[in-house]
2 protein chains.
Amino acid sequence: MSNITIKELALKLNLSAATVSRALSDSYQISTATKQRVWDLAKKLNYEPNPSASTLRSHKTKTLAVIVPEIANNFFSQAINGIEEVSRQHGYHVLIYQTHENSEIEAAFIKSLVSGRVDGVLISVSSETNNKDHFTELNKTIPVVFFDRALDNMEAVKITTNDYESAYNATEHLIECGCKKISFLFALNNLSTGKNRLNGYIDALTSNNIAYDETLIINCDKDENQNYSHIKDLLTKNKPDGLISSIEELVLPCYAICEELNINIPDDLKIVSFSNLKTAPFLNPSLTTITQPAFEIGITAATLILKLLNKKQVDTNEVVVLKSDLIERGSTAVKKN
Amino acid sequence: MSNITIKELALKLNLSAATVSRALSDSYQISTATKQRVWDLAKKLNYEPNPSASTLRSHKTKTLAVIVPEIANNFFSQAINGIEEVSRQHGYHVLIYQTHENSEIEAAFIKSLVSGRVDGVLISVSSETNNKDHFTELNKTIPVVFFDRALDNMEAVKITTNDYESAYNATEHLIECGCKKISFLFALNNLSTGKNRLNGYIDALTSNNIAYDETLIINCDKDENQNYSHIKDLLTKNKPDGLISSIEELVLPCYAICEELNINIPDDLKIVSFSNLKTAPFLNPSLTTITQPAFEIGITAATLILKLLNKKQVDTNEVVVLKSDLIERGSTAVKKN
DNA sequence: CTGTTAGCGCATTCAC
DNA sequence: GTGAATGCGCTAACAG
């Protein structure tokens with residue numbers, strides 16, 4: 001801890017602590033000469049204000065909390081990147097919490113944040129969460145902004161992507177590629193993020209006059225082994241020629257199963273996956289991805305919450321929808337949507 | 001902010017604030033009955049202690065700072081995952097800062113952290129950094145633990161991986177695969193992390209009686225375009241049959257260049273890269289990776305700093321070295337080192 | 001076992 | 001323009 005305090009600065013400058021405090025915050029009440037003296041000494045002695053004392057007095061922490069299911073995830077780490085970027089530019093600090101998709105851990109974090117540790121919270125909710133009580137409670141005291149995964153029935157600022165549309169387009173893309181039997185790996189079943197993706201898939205099928213077949217939709221959850229065997233069943237029995245995965249985590253099992261079953265990708269089975277592994281289609285031309293603008297989502301979410309904190313005019317119910325890209329790669333070409 | 005304070009609890013319970021404070025921290029001085037009354041009311045009223053007030057008084061923040069070059073990076077995000085995990089289990093909060101390999105931003109963060117915002121700092125230094133002044137200054141006031149990228153000439157707790165050995169093994173692996181002309185993409189030139197990787201490569205060559213050829217070593221830096229053209233030159237003129245990339249970021253340009261030049265991977269050129277993209281060899285069998293135990297590094301770093309904070313006996317000069325895996329994938333097999 | 005008192009460092013109100 | 005006084009919420013020393 002830098003031991004130097006306002007009091008000590010005041011002492012050395014023959015000023016009162018109040019004057020030094022005001023000078024440091026560039027108050028109009030202080031003469032330019034005094035300000036300069038204060039700034040010079042502060043710089044010389046490496047003065048750094050004590051954040052706890054400052055917060056205790058001013059009720060401003062200059063800190064944001066970010067709650068995500070996982071940090072080691074291509075989407076979330078890119079989003080956090082954007083959030084940190086904006087925060088740094090505005091002198092804000094960023095606290096990170098991960099829930100591992102566990103709504104109890106999530107609730108505990110949320111509860112602990114009402115104590116004035118942060119000025120605002122950016123959250124992408126766990127896939128299990130359906131109780132919004134903690135959130136409404138928290139939102140009474142500080143601004144909360146949801147990104148990517150929001151609670152359906154909650155009024156709050158939300159940043160999402162065009163999940164429905166991008167799943168629709170991806171499905172149509174597979175149809176245009178000649179797929180007749182397209183399956184869907186359904187994850188985030190509890191959230192509108194997941195449901196929208198499913199609905200985009202279903203609607204694309206029906207509007208292209210393809211019979212909607214429930215057995216082609218696999219419900220996926222946290223149990224990796226179960227997911228694996230369900231997908232394996234699907235590929236063995238139903239033999240789809242196209243597949244859409246609603247989360248990146250399921251791509252690898254798909255590849256493993258195809259190898260096991262001697263299914264050739266993409267000749268026998270074309271795969272499209274929601275994924276922010278931007279290098280995926282380049283390392284492996286047979287994979288097409290729906291890539292969310294994760295960094296921009298982070299930027300947008302952080303910018304919005306800072307506006308809320310600065311009492312700028314923001315619709316506290318605003319929903320921002322950004323667009324995903326469909327990234328495909330043949331031998332050389334790279335397409336974007 | 002949860003408005004309820006110790007004072008209010010005290011008032012409602014006909015106790016003094018001091019007693020309530022002691023009861024909340026489960027002090028041995030307080031009767032079980034009183035403790036229970038306090039806990040019950042605290043729970044009922046959703047009391048959450050004000051962290052600023054607590055810190056101001058106790059000089060403990062229960063917060064760690066993590067400084068990394070990039071969050072959206074497979075290695076660092078996995079390391080942060082481990083750090084967050086340990087921190088949560090011990091009731092610590094985690095602040096994230098990214099330097100984008102800029103030592104000025106890094107220095108500014110370090111400077112701002114002497115003010116008592118955190119109890120300790122976990123850092124992986126920027127590739128530009130060679131001035132250790134800020135670090136020694138900071139380390140006087142709070143513990144600093146370096147992970148993966150440390151400053152050479154600084155006495156501190158460090159967690160690293162066996163960079164020399166893993167580069168050595170990877171090079172020997174390529175030799176065993178029949179490569180005669182192995183090139184090396186040299187990055188992190190300023191850090192021992194990078195230098196050790198280079199030396200492992202060089203020593204593996206010489207101890208296998210392969211002439212050491214400087215033109216096969218490409219100096220890479222932040223300038224992506226320059227890296228690209230240098231690598232392209234290498235592949236065009238020198239036509240190596242093996243390549244080791246000392247960072248993950250250079251793999252994609254390599255693939256792009258090979259495609260451009262009609263070089264077949266792995267038939268014409270075998271590539272091994274330091275990379276924590278764990279899915280890489282699975283999505284693309286032609287890539288072999290040296291994968292660092294990022295999560296374990298995070299776990300270890302966090303555990304160590306918590307020990308330091310709790311004045312446990314820790315050698316303040318301790319260096320922990322964890323081991324990377326060489327992950328290769330033929331048609332079906334997966335090897336580990 | 002519990003209460004009283006004091007002060008962490010800062011920002012704000014009120015004086016002059 | 002500047003200073004003196006006050007209190008944010010908590011914990012620790014001292015007292016009993």
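The shown structure was predicted, so the numbers you read here are calculated from the model rather than taken from an experiment. Within every chain, numbering begins at 1; the chains are lettered A, B, ... in the order of the sequence lines, protein sequences first and strands thereafter.
Note: NE2 (A/H59) to C1' (C/dG9) measures 15 Å, nearest angstrom. Put simply, CD1 on A/I6 is 15 Å from P on D/dA4, counting in whole angstrom units. The distance from atom CD1 of B/I4 to atom C1' of D/dC8 is 16 Å, rounded to the nearest whole Å. Distance B/Q29 CD to D/dC14 P: 13 Å, rounded to the nearest Å. Here the P atom of nucleotide D/dC10 and the NZ atom of B/K62 are 17 Å apart, to the nearest Å. Rounded to a whole Å, the CD atom of B/E8 is 16 Å from the P atom of D/dG7. Atom C1' of nucleotide D/dG1 and atom CD of A/Q36 are separated by 17 Å, given to the nearest angstrom. Per the geometry, NZ belonging to B/K7 stands 8 Å off C1' belonging to D/dG9, to the nearest Å.
Taking every heavy atom of residues 9-26 of chain B and every atom of DNA chain D, pairs under 4.0 Å involve B/A18, B/S21, B/R22, by number. Residues from residues 37-45 of chain A with heavy atoms under 4.0 angstrom of DNA chain C: there are none.
No salt bridge links B/E106 with B/K111; every basic N to acidic carboxylate O contact stays at or beyond 4.0 Å. A salt bridge links B/D26 with B/K35: at least one charged nitrogen is closer than 4.0 Å to a carboxylate oxygen.
Put simply, the side chain of B/E8 reaches to within 4.5 Å of the side chain of B/T5, judged on heavy atoms. Looking at heavy atoms from C-beta onward, A/L24 lies in side-chain contact with A/I6 at the 4.5 angstrom threshold. In this structure, the side chains of A/L9 and A/Y47 come closer than 4.5 Å at one or more pairs of heavy atoms.
Minimum atom distance to the side chain of B/L56 is reached by C/dC8, of the listed D/dT2, C/dC10, C/dC8. Distance from the side chain of A/A53 is smallest to C/dG9 among C/dG9, D/dG9, D/dT11. Closest to the side chain of B/R57, out of D/dT2, D/dG7, D/dG9, is D/dG9. Of the candidate nucleotides D/dT2, C/dA11, C/dG9, D/dT2 has the atom nearest to the side chain of A/S31.
For B/Y47 and D/dG9, the shortest distance from a side-chain N or O to OP1 or OP2 is not below 4.0 Å. For B/S54 and D/dT11, the shortest distance from a side-chain N or O to OP1 or OP2 is below 4.0 Å.
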Query raised in the report: Given the rule in the salt bridge (charged side-chain N to carboxylate O under 4.0 Å, His left out) test, do B/R149 and B/E101 qualify, once you have shown the distances and angles that lead to the verdict?
Result: CA-CA 12 Å; B/R149 304 182 184 186; B/E101 308 283 9; 2.9 Å; yes
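Counted by atom type alone, B/S16 and B/T19 present one or more donor-acceptor pairs between their side chains at under 3.5 Å. Looking only at atom types and distance, the side chain of A/E70 has no donor-acceptor partner in the side chain of B/N81 under 3.5 Å away.
Remark: B/E155 CD is loosely packed, at most 12 non-hydrogen atoms of other residues, nucleotides or ligands lying under 6.0 Å away.
A distance-only check finds no donor-acceptor pair linking the side chain of A/K60 to the backbone of A/L56 [under 3.5 Å]. When atom types are taken as modelled, the side chain of A/T63 and the backbone of A/T61 share a donor-acceptor pair closer than 3.5 angstrom.
Looking at heavy-atom distances under 4.0 Å, B/T34 makes contact with sugar-phosphate atoms alone, never a base.
The bend of the helix from C/dC1-D/dG16 to C/dC16-D/dG1, defined by the angle between the axes of its first five and last five pairs, stands at 40° to the nearest 10°.
Shown here for A/L191 and A/T129, the closest heavy-atom pair between the two residues is CD2-O, 4.4 Å.
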